[in-house]
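Let me begin by presenting the structure, written as structure tokens, before commenting on it.
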There are 2 protein chains.
Amino acid sequence: MKRNSRLSSTLHILVHMAETQEHALTSEQLATFIHTNPVVVRRTIAGLRDAGIVTSARGHGGGWQLGRAPEKISLAEISAALGETLLPFGTEPESPGCLVEQAVIAALDDFRVEAERLLAEKLSRITLADLAADFRRRYELIGVTSHAV
Amino acid sequence: MKRNSRLSSTLHILVHMAETQEHALTSEQLATFIHTNPVVVRRTIAGLRDAGIVTSARGHGGGWQLGRAPEKISLAEISAALGETLLPFGTEPESPGCLVEQAVIAALDDFRVEAERLLAEKLSRITLADLAADFRRRYELIGVTSHAV
DNA sequence: AAGATTCGTAACTAACTAAGTTACATGAAA
DNA sequence: TTTCATGTAACTTAGTTAGTTACGAATCTT
């Protein structure tokens with residue numbers, strides 16, 4: 001798992017879970033999908049459990065499953081549950097009292113707040129089901145072309 | 001200078017430059033504004049010079065000045081000149097051939113492209129002159145209240 | 001009840017990134 | 001020609017995140 005790819009890795013995992021809703025998948029299995037370690041998987045998606053996006057079960061036959069239908073899981077929720085900030089801005093004051101700095105921070109904070117609202121709105125329109133459907137479309141396409149060619 | 005605050009630090013510097021257009025400011029002076037090192041300043045705003053946002057002059061009496069009127073310098077240009085990505089997404093393929101991954105990357109890339117366009121559009125509507133004006137408004141306000149109180 | 005399986009989590013290591021620093025060459029003005 | 005200031009390379013330091021090891025807790029099977 002590379003840096004800053006937590007959202008894409010998590011989506012990868014979740015689409016696999018959406019395609020395997022009959023039974024739970026172990027951290028071990030999920031880890032192989034994104035070429036990493038079971039512990040990293042647990043740590044990464046722990047927040048998704050708290051948000052009800054996935055459920056986990058210990059012991060024999062345990063593992064991870066979606067917490068609700070893929071149609072009802074948006075990328076906005078997933079991103080939020082991962083604790084990721086959509087924008088990489090930092091505007092902590094460094095010279096308290098400097099009016100120039102205050103003007104800069106005010107402008108950037110305004111921008112950030114509205115931008116995050118906008119992005120979250122866009123992400124909320126994409127669901128896990130959309131990704132799963134696109135996956136299936138690609139899958140069918142492969143089958144068709146390999147027949148045709 | 002803290003992490004990921006390059007845009008705000010640079011804006012801080014640029015507003016100071018907008019308020020001091022009579023003469024050039026040295027890296028040394030700019031560095032004190034954001035509590036860092038002259039070399040860090042040069043490195044940070046080197047890209048702005050290439051974009052024509054600032055000019056630099058060596059030697060006695062040299063330093064940095066705005067390359068054009070603050071009204072004609074947008075935050076979008078500044079951000080782009082800094083080489084910052086507005087979105088912190090990484091979607092490099094890790095399992096070439098995995099159709100699930102392809103679906104995830106396609107969705108995220110679509111989102112990222114449109115989101116970046118949106119954000120750039122918003123940032124292009126804010127100019128250095130806007131920030132400078134806000135600074136001056138705050139400055140006047142201090143003067144008024146300190147009289148009144 | 002015993003044993004196997006799987007998550008939960010703490011603690012440590014390794015890799016990577018970005019800021020900070022030092023040093024010195026280059027160029028321009030007094 | 002001396003002084004001032006940028007340009008830039010090279011190195012150090014700090015902080016973040018992924019990766020790893022280890023082990024306790026919970027749950028299922030037999």
Side-chain angles (χ1 to χ4, degrees), chain A residues 1-10 12-13 17 20 23-51 53-67 81-85 88-90 92 94-95, chain B residues 1-10 12-13 17 20 23-51 53-67 79 81-85 88-92 94-95:
Chain A
M1 198 196 279
K2 301 199 193 72
R3 202 165 175 266
N4 250 357
S5 59
R6 265 169 63 205
L7 180 57
S8 63
S9 296
T10 301
H12 190 153
I13 284 175
M17 283 168 61
T20 321
H23 57 87
L25 292 168
T26 67
S27 308
E28 188 84 38
Q29 294 173 304
L30 296 175
T32 64
F33 291 142
I34 58 174
H35 301 112
T36 185
N37 192 293
V39 178
V40 174
V41 169
R42 288 184 211 127
R43 211 154 54 189
T44 303
I45 63 180
L48 304 189
R49 181 185 48 227
D50 303 337
I53 296 170
V54 298
T55 61
S56 66
R58 293 177 168 189
H60 205 123
W64 302 81
Q65 281 184 290
L66 291 185
L82 286 174
E84 287 195 331
T85 54
F89 287 17
E92 306 95 64
E94 297 177 341
S95 311
Chain B
M1 197 197 278
K2 302 199 191 71
R3 200 163 179 272
N4 250 357
S5 57
R6 265 168 65 202
L7 180 57
S8 63
S9 296
T10 301
H12 190 153
I13 284 175
M17 285 169 60
T20 322
H23 57 86
L25 293 169
T26 67
S27 308
E28 189 84 37
Q29 294 173 303
L30 296 176
T32 65
F33 292 142
I34 59 173
H35 302 112
T36 185
N37 191 292
V39 177
V40 174
V41 169
R42 290 183 210 127
R43 210 154 53 187
T44 302
I45 64 181
L48 304 190
R49 181 185 49 228
D50 303 337
I53 296 170
V54 299
T55 61
S56 66
R58 294 177 169 190
H60 205 120
W64 301 81
Q65 281 184 291
L66 291 186
S79 172
L82 286 174
E84 287 195 329
T85 53
F89 287 16
T91 51
E92 306 96 65
E94 298 178 341
S95 312

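Throughout, protein chains are lettered first and strands after them, A, B, ... in sequence-line order, and every chain is numbered starting at 1.
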Determine whether A:Met17 and A:Val54 make a side-chain contact, defined as any pair of heavy atoms from C-beta on separated by less than 4.5 Å.
yes

Could you pick out which residue, A:Gly61 or B:His60, lies toward the 5' side of DNA chain C when each is mapped onto its nearest nucleotide?
A:Gly61

5'-most by nearest nucleotide on DNA chain C - B:Gly59 or A:Gly62:
A:Gly62

Select from B:Arg43 and B:Pro38 the residue whose nearest nucleotide in DNA chain D is closer to the 5' end of that strand.
B:Pro38

Nearest-nucleotide 5' precedence on DNA chain D, B:Thr26 against A:Ala57
B:Thr26

Euclidean distance, atom [atom1] of residue [X] to atom [atom2] of [N] [Å, nearest integer]:
X       : N      : atom1 : atom2 : result
A:Ile45 : C:dT6  : CD1   : P     : 15 Å
B:Ile13 : D:dT6  : CD1   : P     : 12 Å
A:His23 : C:dT5  : NE2   : P     : 18 Å
B:Leu7  : C:dA19 : CG    : C1'   : 17 Å
A:Leu30 : C:dC7  : CG    : C1'   : 12 Å
A:Leu82 : D:dA18 : CG    : P     : 10 Å
B:His35 : C:dG20 : NE2   : P     : 12 Å
B:Arg6  : C:dA18 : CZ    : C1'   : 9 Å

Please tell me if [X] has a side-chain N or O lying less than 4.0 Å from either OP1 or OP2 of [N].
X       : N      : result
A:Ser27 : C:dC7  : yes
A:Ser56 : C:dG8  : yes
B:Thr36 : C:dG20 : yes

With side-chain contact (heavy atoms from CB on, under 4.5 Å) as the test, would you mind laying out the steps for A:Val41 and A:Asn37 before giving the verdict?
CA-CA 7 Å; A:Val41 169; A:Asn37 192 293; over 6 Å; no

By side-chain contact (heavy atoms from CB on, under 4.5 Å), B:Ala51 pairs with (sequence neighbours left out) B:Ile53, B:Ala81

Looking only at heavy atoms, the pair that brings B:Glu94 and A:Ser5 closest together is OE2-OG, 3.9 Å

Does any N or O donor sit under 3.5 Å from an N or O acceptor when you compare the side chain of A:Arg49 with the base of C:dG8?
no

Tell me every residue that passes side-chain hydrogen bond (donor to acceptor under 3.5 Å, both in side chains) with A:Ser56, counting only those two or more places apart in sequence or in another chain.
A:Arg49

Taking only residues two or more places apart in sequence or in another chain, which ones pass side-chain hydrogen bond (donor to acceptor under 3.5 Å, both in side chains) with B:Ser95?
A:His35

Give me, pair by pair, the N or O atoms of the protein and of nucleotides 22-26 of chain C that are less than 3.5 Å apart, along with how far apart they are.
{"residue": "C:dT26", "atom": "O2", "partner": "B:Arg58", "partner atom": "NH1", "Å": "3.0"}

For residues 25-34 of chain A, which side-chain N or O atoms pair as donor and acceptor with protein atoms under 3.5 Å away, sequence neighbours left out?
{"residue": "A:Thr26", "atom": "OG1", "partner": "A:Glu28", "partner atom": "N", "Å": "3.4"}
{"residue": "A:Thr26", "atom": "OG1", "partner": "A:Gln29", "partner atom": "N", "Å": "3.1"}
{"residue": "A:Ser27", "atom": "OG", "partner": "A:Arg42", "partner atom": "NE", "Å": "3.2"}
{"residue": "A:Ser27", "atom": "OG", "partner": "A:Trp64", "partner atom": "NE1", "Å": "3.1"}
{"residue": "A:Gln29", "atom": "OE1", "partner": "A:Thr26", "partner atom": "N", "Å": "2.9"}
{"residue": "A:Thr32", "atom": "OG1", "partner": "A:Gln29", "partner atom": "O", "Å": "2.6"}

